[in-house]
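Scroll down for the structure; my scribbles are underneath it.
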Amino acid sequence: MGLELSRRTFLKSTAATALAAGAYGAGLRPALAAPELAKLDALAQAELVAKGEMTALDLVNAGIERIEQVNPKVNAVVTTFYDRAREAAKGELPQGPFTGVPNLVKDLDNLAGTRATSGSRLFADNISKETDPLIASDEEAGFVMVGKSNTPEFGLLGTTEPLLLEPCRNPWNLEHSTGGSSGGAAAAVASGMVPLAHATDGGGSIRIPASCCGVFGLKPSRGRIFLGGRNLPGDIGVQHCVSRSVRDSATLMDLSEMKGEKAVLAPIGRVEGPGKKRLKIAFNTENYYGVEPDADVKAAIEETAKLCADLGHEIVPVKNPVDGRAFIDAFLTVWASGPSQLVALAKENGVDPEAVLEPWTIGLAKYYDAKPADALEVSLKHFAEVTAKTKAFMADYDVWLTPVLASAPPKLGEQAPTVPFDTLYERTVEYVSYTPLHNVVGTPAMSVPLSWNDAGLPIGSQFAAPLGGEKVLYELAFELEQARPWGSKYAPVFAG
């Protein structure tokens with residue numbers, strides 16, 4: 001589809017230089033051809049509309065052009081509704097800091113009247129009858145939804161390679177995984193299709209793809225954002241976004257968090273820059289099995305610790321307080337309870353589960369069904385014990401630094417849902433052995449894109465804070481973004 005940008009002429013100014021320096025366009029009057037527009041963050045794009053230099057329709061059409069250009073290589077966007085988006089952009093959009101900016105809905109969630117597959121053949125033709133609360137909130141912030149982003153079946157894997165939607169490819173190397181389950185969202189942001197994308201996290205699904213794709217992703221505290229009562233057992237799921245800039249994520253958090261009588265946690269408000277307090281940062285690279293990550297990951301996280309120390313923060317080496325084997329057994333039991341229900345649902349409707357569900361999903365169902373009848377109850381009790389132990393541990397620190405993942409992004413196929421279950425189980429629980437703990441405990445955690453290995457693949461650094469500590473994390477993220485800017489670092493596959 002052709003680009004329908006406004007024909008108004010913009011003065012060629014310092015925009016290109018500032019963009020190349022990773023300034024995200026703050027306070028600029030850009031001469032914006034499509035390549036430069038792709039480099040602006042969401043707030044800078046919306047500012048163009050607020051100043052009358054572009055229209056919301058201009059932004060949406062430019063986003064559509066970028067998707068059409070890049071998505072055939074990446075497969076991050078799996079459903080489009082361009083006509084709906086254009087009509088919305090032509091109308092009276094809510095006035096907010098993101099008015100007119102194109103966004104994507106992760107395909108685990110609902111936007112009324114659009115396809116919602118959950119990455120599964122079981123729901124290949126499903127059309128959403130309603131819009132989920134956070135998606136409605138994003139639209140109230142002025143975003144215009146242009147499509148749905150790729151996700152593994154029901155978000156059950158740390159890679160995005162669903163059989164229905166086909167694999168999502170990493171813009172840094174198309175042969176590698178984007179992570180999951182918000183892999184489509186992170187790949188779309190990393191490749192410049194959209195500056196920010198909706199994402200969810202039940203076991204690392206914001207932080208894992210943010211790490212794999214070299215973008216910023218923060219998982220909120222449990223209870224920070226209203227989800228309308230939809231959640232996983234153990235209340236482990238949260239939602240927010242992945243973005244190129246810290247300020248986009250922080251601004252959207254201010255708009256999304258519950259406030260007033262509905263607030264479960266004290267609101268953090270708008271965080272706009274680094275904090276002055278020097279932090280006490282717990283630091284370890286071993287996972288909760290006591291195993292070190294790959295050498296490139298270990299080196300990257302050690303370099304992040306040094307960076308924090310150079311900025312004046314106190315780094316305290318620690319041991320992970322959790323017994324990994326007991327924890328992962330409890331987590332996978334809770335994780336597998338959903339697939340068990342899905343297999344039962346298929347059978348109840350006279351459908352062969354193996355015809356509509358992936359081998360990994362069916363394997364998880366069998367894993368759960370082989371457990372004792374009280375396995376879910378026992379696992380949730382273990383969650384409570386782990387939560388108490390972790391909260392006590394974290395009470396001594398402002399922030400906890402670890403890897404996000406045990407390795408850089410693996411090649412596509414290594415963790416695909418068709419890999420034999422026992423093999424895939426071992427690969428998965430080793431790979432994602434740093435992120436699920438914060439879902440269980442409810443603590444906020446973020447992946448910050450500070451490192452790339454010798455092969456050019458991103459490696460994120462995970463920082464977590466005690467429950468309700470998003471402000472501390474955002475202030476630290478702003479400081480790290482200034483100290484080691486990533487805004488001018490673009491993937492080989494990038495719009496424009």
Side-chain angles (χ1 to χ4, degrees), residues 106 108-110 116 118-120 122-123 132-134 151-158 180-182 199-208 219-240 264 288 322-348 353 357-358 360-391 417 421 425 428-429 432-445 467:
K106 183 176 176 179
L108 293 183
D109 287 76
N110 295 295
S118 293
S120 176
L122 181 61
F123 294 114
D132 289 337
L134 185 60
T151 185
E153 183 167 66
F154 303 109
L156 292 171
L157 273 172
S181 63
S182 304
T200 71
D201 194 316
S205 294
I206 287 174
R207 293 155 289 155
I208 292 168
K219 177 199 91 69
S221 297
R222 178 182 296 131
R224 175 67 67 193
I225 293 174
F226 178 66
L227 301 178
R230 290 179 63 228
N231 213 330
L232 300 166
D235 205 18
I236 59 177
V238 293
Q239 301 193 22
H240 188 34
V264 176
Y288 40 55
V322 174
D323 174 1
R325 290 296 168 188
F327 172 76
I328 203 63
D329 182 70
F331 186 84
L332 262 295
T333 298
V334 172
W335 199 247
S337 63
S340 175
Q341 294 173 17
L342 288 165
V343 167
L345 176 67
K347 290 179 178 178
E348 288 170 7
L357 295 173
E358 294 176 351
W360 172 246
T361 304
I362 293 173
L364 285 173
K366 291 178 179 178
Y367 174 88
Y368 182 80
D369 292 343
K371 296 277 184 180
D374 65 346
L376 183 58
E377 180 183 350
V378 170
S379 295
L380 293 176
K381 182 179 178 182
H382 186 75
F383 277 15
E385 295 169 357
V386 167
T387 297
K389 181 181 294 186
T390 304
K391 283 185 175 180
F421 182 81
Y425 177 95
T428 297
V429 299
V432 301
S433 54
Y434 297 91
T435 55
L437 178 64
H438 297 294
N439 296 84
V440 170
V441 181
T443 38
L467 187 71

Next item on the list: Could you check if a side-chain atom of Pro436 sits within less than 4.5 angstrom of a side-chain atom of Phe327, using non-hydrogen atoms only?
Entry: yes
Next item on the list: Grab the two heavy atoms, one from Pro133 and one from Phe226, that are nearest each other, plus how far apart they are.
Entry: CB-CD2, 3.9 Å
Check: Can Leu364 and Tyr425 be said to form a side-chain contact (heavy atoms from CB on, under 4.5 Å), step by step?
Finding: CA-CA 9 Å; Leu364 285 173; Tyr425 177 95; 5.7 Å; no
Check: Distance from Leu122 atom CG to Glu153 atom CD, nearest 0.5 Å?
Finding: 7.5 Å
Next item on the list: Could you verify whether a donor N or O on one side chain and an acceptor N or O on the other, from Asp132 and Gln239, lie under 3.5 Å apart?
Entry: no
Check: Does Ser181 offer a backbone N or O that forms a donor-acceptor pair with the side chain of Thr151 under 3.5 Å?
Finding: yes
Next item on the list: Write down the atom of Ile328, the atom of Tyr288, and the distance for their closest heavy-atom approach.
Entry: CD1-OH, 3.8 Å
Next item on the list: Might you point out which heavy atoms bring Ser221 and Leu467 nearest each other, and give the distance in Å?
Entry: CB-CD1, 3.8 Å
Next item on the list: State, with a plain yes or no, whether a side-chain heavy atom of His240 is found less than 4.5 Å away from one of Ile225.
Entry: yes
Check: Roughly how far, to the nearest 0.5 Å, is OG1 of Thr361 from CG of Leu342?
Finding: 7.5 Å
Margin query: To the nearest 0.5 Å, what is the distance between CD1 on Ile362 and OG on Ser340?
Written below: 12.0 Å
Next item on the list: Apply side-chain contact (heavy atoms from CB on, under 4.5 Å) to Phe383 and Asp235, showing your working.
Entry: CA-CA 10 Å; Phe383 277 15; Asp235 205 18; over 6 Å; no
Check: Can you name the one residue among Lys219, Lys106, Arg207 that meets salt bridge (Lys or Arg N to Asp or Glu O under 4.0 Å) with Asp201?
Finding: Arg207
Checklist line | From OG (Ser120) to CG (Leu108), nearest 0.5 Å | finding: 10.5 Å
Checklist line | Over 12 non-hydrogen atoms of neighbours within 6.0 angstrom of CD in Glu377 | finding: no
Checklist line | Considering all heavy atoms, the nearest Lys347-Pro353 contact | finding: CG-CG, 3.8 Å
Margin query: If I take atom OG1 from residue Thr435 and atom CD1 from residue Ile208, how far apart are they, to the nearest 0.5 angstrom?
Written below: 4.0 Å
Note to self: Whether the side chain of Arg222 engages the backbone of Val440 through a donor-acceptor N/O pair (distance < 3.5 Å, no angle test) should be reported.
What the structure shows: yes
Check: Parallel under 30°, tilted from 30 to 60°, perpendicular over 60°: which one fits the rings of Phe154 and Phe123?
Finding: perpendicular
Side chains of residues 329-336: which donor-acceptor partners sit under 3.5 Å, not counting sequence neighbours?
from   : atom 1 : to     : atom 2 : distance (Å)
Asp329 : OD1    : Tyr367 : OH     : 3.2
Asp329 : OD1    : Lys371 : NZ     : 2.7
Thr333 : OG1    : Asp329 : O      : 2.7
Trp335 : NE1    : Leu156 : O      : 3.2

Next item on the list: List the steps, then state whether side-chain contact (heavy atoms from CB on, under 4.5 Å) holds for Thr390 with Thr443.
Entry: CA-CA 10 Å; Thr390 304; Thr443 38; 5.6 Å; no
Note to self: Distance check, rounded to the nearest 0.5 Å: His438 atom NE2 versus Ile206 atom CD1?
What the structure shows: 13.5 Å
